[in-house]
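For the single chain, residues carry numbers from 1 onward in sequence order. In each ligand, atom 1 is the first atom listed, and ligand 1 is the first ligand listed.
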Amino acid sequence: MRIVSGMRPTGKLHLGHYLGVLQNWVKLQNEHECFFFVADWHALSTSYEDKLNLKHLSIELVRDWIAAGIDPTKATLFIQSAIKEHAELYVLLNMITPLGWLERNPTYKDQLAQIKNKDIHTAGFLTYPVLQTADIILYDAEAVPIGEDQRPHLEIAREIVRRFHHLFLCEVFTEPKELLSPVPRLLGLDGRKMSKSYNNAIYLSDTSEEVWQKIRTAKTDPQRVKRSDPGNPEVCLIYDYHKAFSDEEIIKKVEEGCRSAAIGCVECKKWCAASIEKVLEPMRERRQSVSDEDIAIILQKGEEKAKEIAGKKMERVNKAIFELQCKDHT
Ligand code: SF4
C-alpha cells in the first residue's frame, strides 16, 4: 500500500509523539511505501502570528523523525512547501468544496471553541482539511495513519474525491482509507496533557540527566508519604510510564512492590528512567550520526521523488479540469 502522513512542525517531539505516532510510522515504513512530510503550511494555519522559524523547525522535525527510527532509505521524507503542487491542488479543490462540509467539521468546531489565545477565524484554518486532502490524494495514498481527531478530515478528503470525480467525469484520484492507530495516551509528568506549554514532557532529544531530573521530581501516589506506606500504582503517573516503557517483569515488580511497600519510589523511578533510556539511547546515537548536510540530502532526494509523482498527477488533474480530457488513473 502507499501511505501518506504529515506532521506539523511546532517544536521538538516528546515521548507522547513517539508512542502515538512515530512508533507506528516506523512499523509502517517496513511494510508499505511511505511518504512522510512536514506540514509547514498547515502549521501556519494556526501559528501565522507566532513568528516561527518554520524552516528551522521543519529540519529539526525531520531530525527527530530520523532519531526515532524513520529510515530515509525506506520512507520518502519531504517538506510540504517544497512541493508547490500541494498548493496548486488545494486551490482547485477549494473551488469545488462546499462551505457546509468545512463548517460542519467537528474537529474545526472543537478547535474554534477551544483555542482562545489565537485568532483562527481565517480562510486558511477553515480550509485546513482541503489542503490536507491535497496532501493525500496528490500521491494516490491508499491509507493514511491518523489519530481520532483527524477522522473528520479524512472523511472530507473522501467526499472531495468523489465530488471531483463526479464533476469532472474523471477518476483521477484514489479514495484514501483511514488507518486508525490506537493511540495510547501518555500524560505529562504533572498529570496534565503532555505539552510544550506545560513543560511536563520528556523530549526525544533530552539527555539522560534531563530524563532523570524530570522523573525524579514527578509526583507519585500522595498517600505514600513515608517509605513504609503502601501505595496504589493506579493513581501514580510513574506506573503509567512503566506500562508504556517497561517490560512485563518490571511492571509486575512495581505493581506488587508499590502495594506492599516492598519498593521505594526512588527505586521505582530509577527503573522507570532506565526503561525510558532503552528507547531514547538508540535515538541519541542516530541523532549523532546524522549531520545537517545529511538531512539536506535526504530532503532533496525525498522532494525529487515527491515532485515527480505530484507533477504527473497535476498534469492529469489540469487536463481533466481545463481541457475536459480524462485519462483514468487505473
Ligand atoms: Fe508510584 Fe512507583 Fe512510588 Fe508506587 S512505588 S507510588 S508506582 S513511584
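Note: Phe125 and Tyr108 meet the aromatic proximity criterion, with ring centroids under 6.0 Å apart. Aromatic ring centres of His42 and Phe37: separated by at least 6.0 Å. The ring of Phe245 has its center no closer than 6.0 angstrom to the ring center of Tyr239.
For atom 2 (Fe) of ligand 1, the nearest non-hydrogen atom of the protein is Cys268 SG, 2.4 Å. For atom 5 (S) of ligand 1, the nearest non-hydrogen atom of the protein is Arg224 NH1, 3.1 Å. At the shortest separation from atom 8 (S) of ligand 1 among protein heavy atoms lies Thr220 CG2, 3.5 Å.
With hydrogens and angles left out, the side-chain atoms of Asp294 and Ser291 include a donor and acceptor closer than 3.5 Å.
One of the N, O or S atoms belonging to Cys236 lies under 2.8 Å away from atom 1 (Fe) of ligand 1. Among the atoms of Cys258, no N, O or S atom is found under 2.8 Å from atom 2 (Fe) of ligand 1.
Between Phe173 and Phe164, the two ring planes are perpendicular [angle over 60°; tilted spans 30° to 60°]. Aromatic ring orientation, Tyr203 versus His14: tilted (interplanar angle from 30° to 60°).
If you number the atoms of ligand 1 from 1 as listed, the ones under 4.0 Å from a heavy atom of Cys265 come out as 3 (Fe), 5 (S), 6 (S), 8 (S). Ligand-side atoms of ligand 1 in range of Asp221: 6 (S), range being under 4.0 angstrom from any heavy atom.
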